[in-house]
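For reference, the structure discussed in these notes is given below.
Residues: numbered from 1 along the sequence shown.
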Amino acid sequence: MDAEADPPARSRTERHKCFACYKQFKKKEHLVEHMKISYHTPHQPKCGVCQKHCKSFESLRNHLTGPLSRASCSRTFSAQGCDLCLKLYDSPSSLGKHREICHLSAPASLGTKILPSAGSVDEKYTSKGAKAIAINCGLVGGGTDGSLDLCARVCLVDEDENIIFHAYVQPQSAVTDYRYEITGLTEEHLTNSKSHKEVQDRILEILYNGESARRLMSDSGKARLLVGHELKRGLDCLRINYPGHLLRDTAKYRPLLKTNLVSHSLKYLTKTYLGYDIQTGEHDPYVDCVSVMRLYKRMRAQDHQVKGIGTPNSDSAGQCFAAQRNRNDVMCC
């Protein structure tokens, strides 16, 4: 009688690990598919302890301080981390110095005084190359129920928080709701306001920066980046069509979104990442402009890796991760 054959050794299941978010998959093709749909990029927030990449700063904050946070990362962050930018520092003294810089104070409110519009731009803005400009619009209501957005006030600031254009705008339709509790505007503010066409032309002149309209699609042109929160809403009211590659919208920037990829309010983002309150009463366009510019500059200053991230060896999964890129992840230029 033949000896009973030994049962085959139970093979150990091989796991394929994502080198960004550390998720594991049984099949390599599942890992590749995960990388294609997860939009991992070198611009994503990263834990300073375990180096895990998170799809948003909110996800990173949950990883560090949430109820299901990783214990080792949470302990290190509680002792060495900044609760605004989520970076780690070597010593309590360096962390304290950083917090003094990171925690900003609210800019002074422009208010709703009936002021003359800033009708000119300083010469330095027309002689330099492309720079970022932040915009914010004060919207009143039109239509029978006041739900139609109409631009009644607009403010533009540069990266140094200087006002380069401010104007009250004559709405193109009858105003049925001045939304006074939010805008602080009344009929008196719009009595001698600028025409919609005049404001539109002036804003485009500032943004184009001497560049011809046919060269706007070029990345090497002189046209300025336009920074804002929910830019489409304001630009639609102004009837301005500006190239998408020149827009930097904090409501669409993926690392600033909620974990379900829905946008936060500018009020929440300012409190969470800059450390001060805005929009506690009337919404001041200058304060909102400065806040969105500060958010943009803070995100732009993040450590954006030049090289892709993958495994030490050049397998297809690692190369796939390095190749994935989503425009809403980029705010570094």
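- When all heavy atoms of Cys137 and Leu238 are compared, the closest pair comes out as SG-CD1, 3.7 Å.
- Other residues, nucleotides and ligands place more than 12 heavy atoms under 6.0 Å from the CD atom of Gln24.
- With contacts defined as side-chain heavy-atom distances shorter than 4.5 Å, the pair His53/Pro45 does not qualify.
- Hydrophobic clustering (ILVMFWY, side-chain heavy atoms < 4.5 Å, transitive): Tyr208 and Val227 are in one cluster.
- With a 4.5 Å cut-off on side-chain heavy atoms, His63 and Cys50 count as touching.
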Exercise for the section: Would you please test Leu256 and Ser56 for side chain to side chain contact (heavy atoms under 4.5 Å, CB included) and show each step? Expected result: CA-CA 6 Å; Leu256 290 178; Ser56 68; over 6 Å; no

Practice task
Mind running side-chain hydrogen bond (donor to acceptor under 3.5 Å, both in side chains) on His166 and Arg153 for me, showing each step along the way?
Solution key: CA-CA 8 Å; His166 169 261; Arg153 189 182 186 186; 3.0 Å; yes

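- Heavy atoms of other residues, nucleotides or ligands lying less than 6.0 angstrom from NZ of Lys23 number 12 at most.
- Under the 6.0 Å distance and 45° angle rule, Lys194 does not count as a cation-pi partner of Tyr168.
- The only member of Lys297, Lys131, Arg300 that meets salt bridge (charged side-chain N to carboxylate O under 4.0 Å, His left out) when paired with Glu159 is Arg300.
- Shortest non-hydrogen contact noted between Ile135 and Cys289 is C-SG, 3.5 Å.
- At most 12 heavy atoms of other shown residues, nucleotides or ligands fall within 6.0 angstrom of atom CG in Asn241.
- Put simply, the side chain of Phe77 does not reach to within 4.5 Å of the side chain of Arg75, judged on heavy atoms.
- The shortest non-hydrogen separation linking His16 to Lys28 is CD2-N, 3.4 Å.
- Counting heavy atoms from C-beta on, the side chains of Arg298 and Leu295 never come closer than 4.5 Å.
- Under the 4.5 Å side-chain contact rule for hydrophobic residues, Leu266 and Leu226 share a cluster.
- Within 6.0 Å of CG in Asn192 there are 12 or fewer heavy atoms belonging to other residues, nucleotides or ligands.
- Residues Asp90 and Gln80 have side chains that never bring a donor and an acceptor to within less than 3.5 angstrom of each other.
- When every heavy atom of Ala251 is checked against every heavy atom of Glu230, the shortest pair comes out as CB-N, 3.6 Å.
- Using a 4.5 Å cut-off on side-chain heavy atoms (C-beta onward), Tyr22 and Lys17 make contact.
- Side-chain atoms of Thr250 and His229 include a donor-acceptor pair closer than 3.5 Å.
- Under the 4.5 Å side-chain heavy-atom criterion for grouping Ile, Leu, Val, Met, Phe, Trp and Tyr, Ile206 is connected to Leu231 within one hydrophobic cluster.
- Residues Gln44 and Arg254 have side chains that never bring a donor and an acceptor to within less than 3.5 angstrom of each other.
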Problem - Worked check of side chain to side chain contact (heavy atoms under 4.5 Å, CB included) between Ile163 and Leu110 - result: CA-CA 10 Å; Ile163 298 176; Leu110 188 63; 3.9 Å; yes

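- Under a cut-off of 6.0 angstrom, the local environment of OH in Tyr180 is sparse, with at most 12 non-hydrogen atoms contributed by other residues, nucleotides or ligands.
- For the pair Arg233 and Asp149, the minimum side-chain heavy-atom distance is below 4.5 Å.
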Practice task
In sequence, state the C-alpha distance, the side-chain angles, and the governing distance for Lys267 and His283, and then conclude on side chain to side chain contact (heavy atoms under 4.5 Å, CB included).
Solution key: CA-CA 10 Å; Lys267 180 177 182 177; His283 293 197; over 6 Å; no

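- At a threshold of 4.5 Å between side-chain heavy atoms, the hydrophobic network of Ile, Leu, Val, Met, Phe, Trp and Tyr places Leu84 and Phe57 in two separate groups.
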Practice task
Go through the steps for Glu161 and Tyr286 under the test side chain to side chain contact (heavy atoms under 4.5 Å, CB included), then give the verdict.
Solution key: CA-CA 9 Å; Glu161 303 178 7; Tyr286 173 70; 4.1 Å; yes

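- Cation-pi contact between Arg61 and Tyr273: present, with separation from the ring centre below 6.0 Å and deviation from the ring axis of at most 45°.
- Residues Val292 and Ile182 are members of separate hydrophobic clusters, defined by side-chain heavy-atom contacts under 4.5 angstrom among Ile, Leu, Val, Met, Phe, Trp and Tyr.
- Counting only heavy atoms from C-beta outward, the side chains of Cys18 and Leu31 approach each other to under 4.5 Å.
- Distance check: His196 NE2 to Asp201 CG gives 10.0 Å after rounding to the nearest 0.5 Å.
- Heavy-atom minimum distance, Lys222 versus Asn209: O-ND2, 3.0 Å.
- Side-chain contact between Val157 and Asn162 is absent, with no heavy-atom pair separated by less than 4.5 Å.
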Practice task
Evaluate the criterion side-chain hydrogen bond (donor to acceptor under 3.5 Å, both in side chains) for residue pair Tyr276 and Arg294; output intermediate values, then yes/no.
Solution key: CA-CA 12 Å; Tyr276 61 87; Arg294 289 176 177 178; 3.2 Å; yes

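- In this structure, the separation between CG on Leu86 and SG on Cys82 is 7.5 Å, given to the nearest 0.5 Å.
- Ser193 and Gln170 share a side-chain donor-acceptor pair at under 3.5 Å.
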